[in-house]
Amino acid sequence: MDLFVVNRYDGDKTITEEEEKAKLDSVLKRIERNRKLRQNQKEKENKVKEAKKYAIEQRQLKKIKKASFIAVPENAHSEYIAKDEIAEIEDEKKVEVEEIPKNKKQKLDPTAIEGFTILGLETFDKKAKVKRVLPKWLSTPTVISVNLQNLQTKTSELKILDKSLRKLLKENNVKHLFPVQAKVIPWLIEANKHADVIFPRDICVSAPTGSGKTLAFVLPVIQALKGKTIKKIRALVILPTQDLATQVFKTFRLYAQNTNLDICLITGNNPFAFEQKQLVSQNEAFGFVSKVDILVCTAGRLVDHLKLTKGFCLKNLEFLIIDEADRVLDSVQNDWLYHLEKHIYEEDVNSQTSKILNLTSLQKRRPPQKLLFSATLSQDPEKLQILSLFQPKLFTSVVETEEGTSNTTINTETFIGKYTTPKELTEKYVVTSLDLKPLVLYKFIKQEKLTKTIIFTHSVESAHRLMILLKSLFKDEMKIQEISSHFQVKNRNDLIAKFSAGEIDLLVCTDALARGIDFPNVQCVISYSAPKHLKTYIHRAGRTARAGETGLAVTLLHKTQLTIFKTLLKQADKNNVEELTISEEDLEPLGEQYKQSLEDLKKTILKEEKEDLQKSKNAKRKVLKRKRKNSIQSNSSKQST
Ligand SMILES: Nc1ncnc2c1ncn2[C@@H]1O[C@H](COP(=O)(O)OP(=O)(O)OP(=O)(O)O)[C@@H](O)[C@H]1O
């Protein structure tokens, strides 16, 4: 090795002329080689510089071109649309920068450094990937098909289901069971036949949006409880939002209409005292008595009642159903799980009855069977562990390959954590600049002649502004409304009903409406603000293509969001999401109209801000007036005494 050559004095060794010439030649060659290397390097750098310069020039040219046909008004009103969008994109850029792996150390070419061999050159072997070992119940699920077109199970032939329920299904036009129902309903009914002797296993069900998960738990629960004579809360259904709880409550009520089961909804929509009266009554003979068999609720309100409602008892629970389970489990609302478990499992220390030896006290109480449902259910054992599931069983749909997936070919490595979407869903995306985004949206809706469309934005303010702008652009052509958590429940319900009935064409909303809400026949879902998480994307898109109908989901993206969006899609093995282009030339004729609408938007927002200011001033004035009145009254009463 050259590095370890030690130059020693070799005495008066004479060098021949040829040897000297050869040495000189080799030095000259080396110099020439180094010169070429340097030249190549310089050429490369120049090329990169030129490419960058060209890109900047092109960008500037594009900007000038755009500005020439859509002159954004002097005061740049577009800030009313784009300011929070810009902030959002800036955030995402940060994420993107963080996510880019740090430049790996450049591998050094030993020939590049003359005369040296580099010690410790990077020749690391890739470490073998550690295979994920899943608990057996997660790696051997019952697979649910995502095909809602070729239904196999006729409702009339499902003899395990009560005749009265089958009749109701028929009346509601449910002639065939969807795959998730065909698998879960018979399994649950069977498992609960001897529930007091053999405790039924808990289940987790993961199936696409709109695939009919609600009926998969509603029907077996009604069938299992309808024969009970003593009224006790035996089924508790927890949902993440008021709107969803109301929807599930209505389904329970519809299918329990021929039974003596009482179903109650508590979400905080009604006064607390009113809800308390719905839950329990008190009499001298029996003390507190439950008025409810099946309770549908939101997690936060449940905890309020656990803490404050006397006689509210969940100790006889047979079913604990968590719909949209991943969302409910992520929510720490009032520490609901802790309070619920504490209530269910704690011994009634004050009760004398528990000390008396009788049939009830001897009988070990059956733990409630836990039923978890979602389109994006976490299959992460650690997350599910907090529920202490009893011998859990997984029902899941899997991403279907070209050849189709069968029970035998399922590969746990590939299905775990992969969310599925309805087969009937078509997905597309459009890349646009921020300042033209509303116009691109307008053009797209007109071009595709869309009605019954939901548009998702990332904030209540953004939804409000977009609604005003779209109203100004469409004039009377379309009925456009916004809906958000700022609206009262009654208004929200009215809007949901109107949109379902087709009386509203475009509904602008936030992610509060992304999960679970079942609007019939939605033609298209547009993500005006790009979704940040895969789950959000799947639930938004899931408002269309429900129950076997076709539907379109379109995402509007700024070019800086494209990479992140594609990474999200990759996580769900989605390779068929096409780009849709709306060229700036198509938008040219709309420039003046857009300018006018931006002016309208500015005026409306300013007017609303003024009104809000006036309202808060009036409210303050009223408070001051009342205080003054009270102090005058107390002074005069003091004087009179
Ligand atoms: N077997 C069936 N035949 C026809 N329609 C059905 C059937 N089962 C359910 N539906 C209808 O399909 C629609 C979607 O059902 P559901 O809301 O239960 O879906 P989901 O799987 O809970 O969706 P998400 O995950 O979005 O909450 C509802 O309108 C429901 O009435």
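Side-chain atoms are counted along with the backbone in the values below, which use heavy atoms only and exclude waters and symmetry mates. Computed from a prediction, not measured in an experiment: that's the story for all the values here. Index from 1, following the sequence. Counting starts at 1 for both ligands and their atoms, in listed order.
- A centroid separation of 6.0 Å or more is found between the aromatic rings of His458 and Tyr528.
- Applying the side-chain hydrogen bond (donor to acceptor under 3.5 Å, both in side chains) rule to pairs touching residues 535-548 yields Asp326-Lys535, Thr376-His539, Glu427-Tyr537, Asp511-Arg540, Arg515-His539, Asp518-Arg546, Ser527-Arg540, sequence neighbours excluded.
- Evaluated for a side chain to side chain donor-acceptor pair (under 3.5 Å) with Lys226, the options Thr259, Asn260, Asp162, Asp293 yield exactly one hit, Asp162.
- Take Lys479 and apply the salt bridge (Lys or Arg N to Asp or Glu O under 4.0 Å) test, not counting sequence neighbours, and it matches no residue.
- Stacking of Lys393 on the aromatic ring of Phe395 is recorded, both the 6.0 Å distance cut-off and the 45° axial limit being met.
- Protein residues are said to neighbour a ligand when one of their heavy atoms lies under 4.0 Å from it; for ligand 1 these are Val174, His176, Leu177, Phe178, Gln181, Pro208, Thr209, Gly210, Ser211, Gly212, Lys213, Thr214, Leu215, Glu324, Gly516, Asp518, Arg543, Arg546, Ala547.
- Under the side-chain contact (heavy atoms from CB on, under 4.5 Å) criterion, Glu579 pairs with Tyr429, Val431, Thr581, not counting sequence neighbours.
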